[in-house]
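The structure appears right after this line, and notes come after that.
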Amino acid sequence: MGIHTRVKGDRDSDPTPLSVDLSQATSAEAWGVEDSEKLYRVEGWGDPYFSINAAGNVMVSPRGDLGGSLDLYELVQALRKRNLQLPLLIRFSDILGDRIERLNACFAKAIARYNYGGTYRGVYPVKCNQHRHLVETLVQFGQPYQFGLEAGSKPELMIALATLQPSNLAKSNDFEDTLLICNGYKDRDYIETALLAMRLGHKPVLVIEQLHELPIAIEASRNLGIKPILGVRAKLSAKGSGHWQSTTGDRAKFGLTIPEVLAVVERLAASEMLDCLQLLHFHIGSQISAIGTIKNAIREAAQIYGELVKMGANMQYLDVGGGLAVDYDGSKTNFHASKNYNMQNYANDIVAEVKDACEERGISPPILISESGRAIASHQAVLVFDILGTNEPLADVSAPVENEHRSIRNLRHTYSQIAVENYQEAYHDAIQFKEEAISLFNFGYLSLRERAIAEKLYWACCRKILEITRTQEYVPDDLEELEQNLAAIYSANLSVFQSAPDAWAINQLFPIMPIHRLDEKPTNRGVIADLTCDSDGEINKFIDLLDVKDVLELHPLEPETEGDSTSKSKHKPYFIGMFLVGAYQEIMGNLHNLFGDTNVVHIRITPKGYNVEQVVKGDTIAEVLGYAQYNAEDILENLRRRTEEALQDQRITLDESQRLLQNYARSLSSYTYLSED
Ligand SMILES: *Cc1c(COP(=O)(O)O)cnc(C)c1O
């Protein structure tokens, strides 16, 4: 894919800027929050939850259009005053509730619109985000809709059993239809636990994913005298798309081929248990960007469902799995970071396809189940982190000195000649002269000081050329790298591996933008580098309308006190938000360089404002060291003994030794990220 680096509507109007310092050239320009809204595409990915307020801060409306909103920047300030350090993951419980409500409303609307004879019973796939407070909140919000859970492993089954409210069998002999879909590979323990849970009033459906699970299920049910509700997961031939394409087809890791599905039916019939087979499941992968892919899969699955009915299975449920996508770049396209349909289209197509297939066969329509994880959990979480400093190539044109080396003079000349007519040629000249200067240095003909002058001149040329390319409609390919090469590196107080592992592992794009100063033009272009000592710990791909951007528009850091340019390290806080990170990122995050879990808070909108419902403190250093089998007391004691030895040899004073031990002990109980002071 081609790389698109520039943003429409953000061109400088002056075609030949004289100044090479962007921050000064444009700060006076008019810039409004609407410009930021357009630039960061907030409406596209954030509506109705995220927008920008008149103060230039991100505004969160956790209940969507139902009212109640808060200023994200002010919230972060208030949380820091509660001693919650950045990076901070903020979960808005009301967004979670709104997503569940929306999904159910979309299916209800589709069912009414097509006069569908069945109902909808959604389940949340626990693997998408297993955190207790989130799952508990979700189950609570889901109760009016009898929204269930899906487990993909034994530990997730245990979460589901601990969290779902079973129906009260003492009151009625009927199960309510809150489902517990049991997917994933199963052993005897898994199957027995699920079966026994029926005695508590749960309604687990054991979905056979592997042929060998069936005899275990049959035997366990005989031994316990509990009749199971069984499902089969079919491998469809309809192709998925994008990253999870291989989830379907004969070679997929999960599910049964059609001959295997037949074998299940025959085996159950032979055991006089065909009435237990009630559900057909499929899952064609996550983040399905194209609605056509979903329709094809539903069509195929509806036919399989009809055939199972014909063969005498007691079919009740059609489970369409996950895949409902999230529009991370807000482009409404079938690009991998987007989707070319909305939630209502999704529900309509499922309902309409299944209805048609059932009417053709004259069978009663199934209860529809979807296992949407990403679409439910993504929006509720925002990661906020601070910028520690910025770094960009030193570009500067010093006054010439006497007897300057020819290669330096050439660079000076190139710089002075750069114009719209020759900028491409000038770029190649600058590269050549810089390489020449480095060769000369390597052979001992240029001093370190001279090489520094040459490098700074080279970057000054690049910056001046970049300014010109930004005014051009078309930029030759060989100049596209300039934007990236000159991008400022924003050092961020976060670990990409811990907080956005998919950005690293599968190049997933998340919307990223400052959460304040949005009434001010972001005059810098930068990439985000994390705290890890890993060059992969960088975010250098950003959402854009047409393609992917290599650099993000950001603000220059402001010095702490007005006019104080001497202390470079002190700057006013600059907070960046990474949005739509509620699905998959947390558990998949890893401890690279031993940066641990971040602090997490749960926020709920109240009539008086908001309430901090839960605070889950991030890992301390002692905790992450524990994962690597270091015992905090042992290593502290170890250090204490070493200081005693050094004291005896008079290599350290008593004061110094105490200070060292205190620092060490304090670090053990502190956050793994950098503190702001
Ligand atoms: C991962 C998974 C899901 C969730 O998919 P999303 O795209 O996040 O909605 C649903 N069902 C199964 C079987 C899964 O493995």
Side-chain angles (χ1 to χ4, degrees), residues 96 99-100 102-104 106-107 121-130 134-135 138 142 147-157 159-160 179-186 190 204-210 213 231-236 240-248 252-256 279-291 293-294 297-298 301 317-328 336-339 341-343 346-347 350 368-381 501-502 506 508 510 580-588:
L96 195 62
R99 299 304 292 171
I100 292 174
R102 253 166 224 269
L103 184 62
N104 281 281
C106 286
F107 271 97
R121 286 285 170 268
V123 293
Y124 168 73
V126 174
K127 81 152 190 273
C128 187
N129 191 327
Q130 302 95 334
L134 183 134
V135 178
L138 186 140
F147 207 75
L149 295 175
E150 183 262 5
S153 65
K154 221 188 306 184
E156 288 180 1
L157 172 68
I159 291 177
L179 295 166
L180 199 182
I181 303 290
C182 300
N183 286 331
Y185 293 156
K186 301 167 197 72
Y190 183 132
V205 181
L206 282 169
V207 179
I208 305 296
E209 298 229 22
Q210 305 280 302
E213 291 167 5
V232 279
R233 174 167 180 172
K235 282 182 185 168
L236 299 188
S241 61
H243 182 77
W244 288 276
Q245 190 163 4
S246 56
T247 316
T248 59
K253 185 174 153 194
F254 306 100
L256 305 173
L279 178 144
L280 173 67
H281 172 238
F282 69 89
H283 171 70
I284 56 169
S286 201
Q287 185 66 12
I288 308 289
S289 314
I291 189 75
T293 309
I294 294 169
I298 305 277
Y317 304 99
L318 178 59
D319 177 352
V320 303
L324 176 54
V326 166
D327 197 355
Y328 293 98
H336 62 80
S338 185
K339 60 179 168 109
Y341 58 93
N342 63 27
M343 204 185 252
Y346 176 79
I350 291 172
L368 294 169
I369 301 168
S370 80
E371 305 174 344
S372 303
R374 189 183 294 275
I376 292 283
S378 292
H379 298 74
Q380 47 86 31
D502 279 347
I506 57 170
Q508 157 123 37
F510 293 101
L580 312 188
V581 292
Y584 300 114
Q585 302 317 295
E586 287 168 66
I587 283 290
M588 304 232 288

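Counting starts at 1 for both ligands and their atoms, in listed order. Excluded from the calculations below are hydrogen atoms, water molecules and symmetry mates; all remaining heavy atoms, backbone and side chain alike, are included.
Residue contacts with ligand 1, taken as heavy atom pairs separated by less than 4.0 Å, involve S286 via backbone and side-chain atoms alike.
Those atoms of ligand 1 with a heavy atom of R374 less than 4.0 angstrom away are 6 (P), 8 (O), 9 (O). Per-residue contacts place G323 under 4.0 angstrom from the following atoms of ligand 1 (heavy atoms of the residue considered): 5 (O), 6 (P), 7 (O), 9 (O). In summary, the atoms of ligand 1 found under 4.0 Å from a heavy atom of G373, numbered by their order in the structure, are 6 (P), 8 (O), 9 (O). Within ligand 1, counting atoms from 1 as listed, the ones closer than 4.0 Å to a heavy atom of P125 are 4 (C). Below 4.0 Å from some heavy atom of S372 lie the following atoms of ligand 1, by number and element: 9 (O). For ligand 1, the atoms closer than 4.0 angstrom to any heavy atom of R233 are 13 (C).
Test K127, E156, H283, E371 against N183 for side chain to side chain donor-acceptor pair (under 3.5 Å) and you get one pass: E371.
Side-chain atoms of V205 and L180, non-hydrogen and from C-beta on, never get closer than 4.5 Å to each other. A heavy-atom distance below 4.5 Å is not found between the side chains of N129 and Y584. Annotation: side chain of I376 is not in contact with side chain of C128 (no heavy-atom distance under 4.5 Å). Side-chain contact check for I181 versus V207: some heavy-atom pair is nearer than 4.5 Å. Side-chain contact between L324 and Y341: present, with at least one pair of heavy atoms (C-beta onward) separated by less than 4.5 Å.
At least one N or O atom of Y584 sits closer than 3.5 Å to an N or O atom of ligand 1. At least one N or O atom of K127 sits closer than 3.5 Å to an N or O atom of ligand 1.
If you check the side chains of H336 and Q508, you find no donor sitting under 3.5 Å from an acceptor. Side-chain contact, Y124 with R99: no donor N or O sits under 3.5 Å from an acceptor N or O.
Residue G152 places every heavy atom at 4.0 Å or more from ligand 1.
Looking only at protein heavy atoms, the nearest one to atom 12 (C) of ligand 1 is E371 OE1, 3.4 Å.
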